[in-house]
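Values below: every heavy atom of this structure, side chains too, minus hydrogens, waters and symmetry copies. First listed ligand is number 1; within each ligand, the first listed atom is number 1.
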Amino acid sequence: MTHPRLEPSLSGPRIVPVLVLDEPDTAVALAEALVAGGLTTLEVTLRTPAALACAEAIAARVPGALVGLGTLIRPEQFAQARDAGARFVVSPGLTDRLAEAAKTAGLPYLPGIATVAEALIAMEHGFRELKFFPAMLNGGAPALRGMAPLMPEIRFCPTGGLKAEHVKEILSLPNVFALGGTWLTPADAIKERRWSEIERLAREASALAQG
Ligand SMILES: O=C(O)C(=O)C[C@H](O)[C@H](O)COP(=O)(O)O
């Protein structure tokens with residue numbers, strides 16, 4: 001059995017800002033800047049105590065944003081993500097217990113893989129959309145190109161070490177449906193509430209992805 005997919009819900013540029021958030025009002029302002037810059041699919045990482053509240057606030061208050069939760073590393077986090085209104089979920093790696101929790105939650109799920117063997121295990125669980133992580137450490141575009149003929153039904157979202165200069169090459173690969181990263185949301189820009197700078201970074205990334 002295959003799992004529900006994220007790719008059909010994506011709209012606009014195939015770039016997913018990966019967000020580390022501390023407070024819901026700031027999260028909403030940041031998400032508004034990203035959406036204004038054209039990036040509408042947002043991943044809130046479960047790395048901070050306020051992450052669930054931040055994702056919930058974005059889902060409720062930022063029209064046009066498709067919000068997911070990332071960094072799910074424990075099975076119970078899948079139900080928490082669903083209850084917070086997440087439309088997709090992401091993990092840095094995959095275990096049997098995470099796979100079962102993802103199937104129960106029923107949300108589109110991107111399990112992280114770093115090797116061919118891990119991709120095959122994810123396929124055995126029925127997942128066809130995978131996060132390739134950390135992408136640049138594990139070979140970047142050439143590694144993805146190498147995996148394409150082996151498992152043509154797998155669609156990847158690489159993250160980890162990606163910057164604006166990687167966007168064009170990576171999105172041109174046949175087995176990549178999107179890519180993600182934190183480079184669009186520098187921590188100092190968030191801290192100093194420089195929303196126009198974030199909007200500009202988002203607009204530049206959107207143009208690269210569509211060009
Ligand atoms: O595993 C998770 O859920 C993560 O949040 C990992 C992130 O996708 C990367 O850490 C991206 O981070 P950068 O390399 O700074 O772009």
Side-chain angles (χ1 to χ4, degrees), residues 3 6-7 10 13-22 27 30-31 34 37 39 41-52 54-55 58 66-82 84 86-95 97-99 101-102 105 107-115 118-119 121-122 127 129-141 143-144 155-171 176-191 197-198 201-202 204-206 208-209:
H3 199 75
L6 172 61
E7 186 173 1
L10 287 182
R14 298 178 294 145
I15 296 183
V16 182
V18 173
L19 311 179
V20 181
L21 300 170
D22 289 317
L30 175 67
L34 291 165
L39 300 181
T41 305
L42 311 178
E43 177 186 331
V44 176
T45 56
L46 271 178
R47 299 188 205 174
T48 56
L52 285 170
C54 289
I58 296 171
L66 182 80
V67 187
L69 276 159
T71 328
L72 274 70
I73 57 169
R74 287 191 292 276
E76 64 272 20
Q77 292 172 320
F78 285 81
Q80 293 167 357
R82 196 192 44 214
R87 306 272 296 278
F88 64 95
V89 280
V90 186
S91 295
L94 183 63
T95 68
R97 291 180 64 215
L98 292 177
L107 293 169
Y109 174 48
L110 310 181
I113 68 98
T115 65
E118 290 169 7
I121 291 169
F127 303 119
E129 293 179 330
L130 311 180
K131 167 180 168 122
F132 179 45
F133 174 77
M136 294 313 278
L137 266 181
N138 286 294
L144 288 158
R155 310 282 292 152
F156 286 102
C157 178
T159 76
L162 300 185
K163 303 271 182 290
E165 66 258 33
H166 304 120
V167 168
K168 267 186 185 299
E169 183 184 16
I170 294 213
L171 287 183
V176 168
F177 75 95
L179 59 78
T182 61
W183 88 89
L184 295 149
T185 53
D188 57 340
I190 298 176
K191 194 158 168 257
E197 179 182 331
I198 304 249
L201 286 170
E204 285 168 7
S206 303
L208 278 176

Start with the C-alpha gap between Thr159 and Val16, add the side-chain angles, then the distance that decides, and say whether side chain to side chain contact (heavy atoms under 4.5 Å, CB included) holds.
CA-CA 9 Å; Thr159 76; Val16 182; over 6 Å; no
Could you go through Leu130 and Leu110, starting from their C-alpha distance and side-chain angles, then the distance that decides it, and tell me whether this counts as side chain to side chain contact (heavy atoms under 4.5 Å, CB included)?
CA-CA 5 Å; Leu130 311 180; Leu110 310 181; over 6 Å; no
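Every residue two or more places apart in sequence or in another chain that forms a ring pair (Phe, Tyr, Trp, His ring centres under 6.0 Å) with Phe78 is listed here: Tyr109.
Contact between Ile15 and Ala205 at its shortest, heavy atoms only, is CD1-O, 3.4 Å. Residues Pro92 and Leu72 approach most closely at CD-O, 3.8 Å, considering heavy atoms. Among all heavy-atom pairs drawn from Val90 and Lys131, the shortest one is CG1-CD, 3.3 Å.
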Show me the short polar-atom pairs for ligand 1: any N or O of it lying under 3.5 Å from a protein N or O, with distances only.
unit_1: ligand 1; atom_1: 1 (O); unit_2: Lys131; atom_2: NZ; d: 3.3
unit_1: ligand 1; atom_1: 3 (O); unit_2: Thr71; atom_2: N; d: 2.7
unit_1: ligand 1; atom_1: 3 (O); unit_2: Thr71; atom_2: OG1; d: 3.0
unit_1: ligand 1; atom_1: 5 (O); unit_2: Arg47; atom_2: NH2; d: 2.7
unit_1: ligand 1; atom_1: 5 (O); unit_2: Thr71; atom_2: OG1; d: 3.2
unit_1: ligand 1; atom_1: 8 (O); unit_2: Lys131; atom_2: NZ; d: 2.7
unit_1: ligand 1; atom_1: 8 (O); unit_2: Thr159; atom_2: OG1; d: 2.9
unit_1: ligand 1; atom_1: 10 (O); unit_2: Arg47; atom_2: NH2; d: 3.2
unit_1: ligand 1; atom_1: 14 (O); unit_2: Gly161; atom_2: N; d: 2.7
unit_1: ligand 1; atom_1: 15 (O); unit_2: Thr182; atom_2: OG1; d: 2.4
unit_1: ligand 1; atom_1: 16 (O); unit_2: Thr182; atom_2: N; d: 2.9
unit_1: ligand 1; atom_1: 16 (O); unit_2: Thr182; atom_2: OG1; d: 3.3

